[in-house]
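Structure, as structure tokens:
Remember, predicted model here, so these are calculated numbers, not experimental data.
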Amino acid sequence: MFAHILCAIDGSEHARKAATVATDLAVRHGSRLTFITITRELALTGELKRYVEIENQSRTPQYILDERTEKTLEDAARGAREAGVAKIRTAVMTGKPARDIVAYADHHDVDLTVLGARGLGELEALLLGSVAHKVASLAKNSVLVVR
């Protein structure tokens, strides 16, 4: 029924639950499973750049964010592997979460997109509408929102 499942994760509790549900479905259906996360480009203000230079920080906030993103994806993939999913992929994109999740699904023959009802960007969700709502509205494939 679901040959390819896409699971959007961001490190939030809802995303961890979504990863568990997506993994379970992938095991049950023998599906390929892709974990995706969408990051945003960080623009350092002049003040923050000076602080990084003064403190001799070799790690910029974007680098730290990239490490966190990598760990989130590794943890999800490891859990899926341990549960018995044979075909696992991870993807990282930089941009607008809802549109990029939908675009990825469209271009990679995804049958089901799984994501959490709430992510890390709660304030943005209040102002702009949730990523889950946007994905469900824009997607051509089935969408499962996990609470």
Main-chain N/O of D10 paired to R68 side chain as donor or acceptor, under 3.5 Å: yes
Note, L112 side chain near L25 side chain (heavy atom, < 4.5 Å): yes
Side-chain contact, heavy-atom cut-off 4.5 Å: T34 with I5? no
Distance-only, no hydrogens or angles: does the T20 side chain make a donor-acceptor pair with backbone N or O of R16 under 3.5 Å? yes
Gap between atom CG of N141 and atom NE2 of H108 - 0.5 Å precision: 13.0 Å
Please name the pair of heavy atoms, one in I9 and one in A76, separated by the smallest distance, quoted to 0.1 Å. CD1-CB, 3.6 Å
Does the side chain of K140 come within less than 4.5 Å of D106's, by heavy atoms? yes
Within this structure, what is the CD1-CG distance for the pair I36 and L6, rounded to the nearest 0.5 Å? 5.5 Å
Please report the C-alpha distance between T94 and I38 in whole Å, then the side-chain angles of each, then the deciding distance to 0.1 Å, and finally whether the side-chain contact (heavy atoms from CB on, under 4.5 Å) criterion is met. CA-CA 5 Å; T94 301; I38 312 298; over 6 Å; no
Identify the heavy atoms of V27 and G84 that sit nearest to each other, and give their distance. CG2-C, 4.3 Å
Can you check whether D75 reaches F35 side chain to side chain, under 4.5 Å on heavy atoms? no
Return the minimal non-hydrogen interatomic distance between C7 and A22, and the atom names on each side. CB-CB, 3.7 Å
Kindly work out whether a path of hydrophobic side-chain contacts (I/L/V/M/F/W/Y, heavy atoms less than 4.5 Å apart) joins V131 to V92. no
Between NZ of K96 and NZ of K134, what distance do you get to the nearest 0.5 Å? 8.0 Å
Do V145 and V110 belong to the same hydrophobic cluster, where Ile, Leu, Val, Met, Phe, Trp and Tyr are linked whenever their side-chain heavy atoms lie under 4.5 Å apart, directly or via other members? yes
Pair S142, D111: side-chain N/O donor-acceptor within cut-off below 3.5 Å: no
So, T37 side chain and T69 main chain: donor-acceptor pair closer than 3.5 Å or not? no
For the atom pair OG1 (T23) and CZ (R81), what is the distance rounded to the nearest 0.5 Å? 10.5 Å
Can you tell me how far the CZ atom of R32 sits from the NE2 atom of H4, to the nearest 0.5 Å? 4.5 Å
Identify the two heavy atoms, one from A8 and one from A15, that lie closest to each other, and give their separation to 0.1 Å. O-CB, 4.4 Å
Using every non-hydrogen atom in the two residues, find where A117 and S130 come nearest and quote the distance to one decimal. O-CB, 4.4 Å
Shortest non-hydrogen pair, L33 vs A80, comes out as CD2-CB, 3.9 Å
To the nearest 0.5 Å, tell me how far S31 OG sits from I88 CD1. 11.5 Å
Looking at H14 and L115, would you say the former's side chain and the latter's main chain have a donor-acceptor pair under 3.5 Å? no
Does any non-hydrogen side-chain atom of T113 lie less than 4.5 Å from one of L144? no
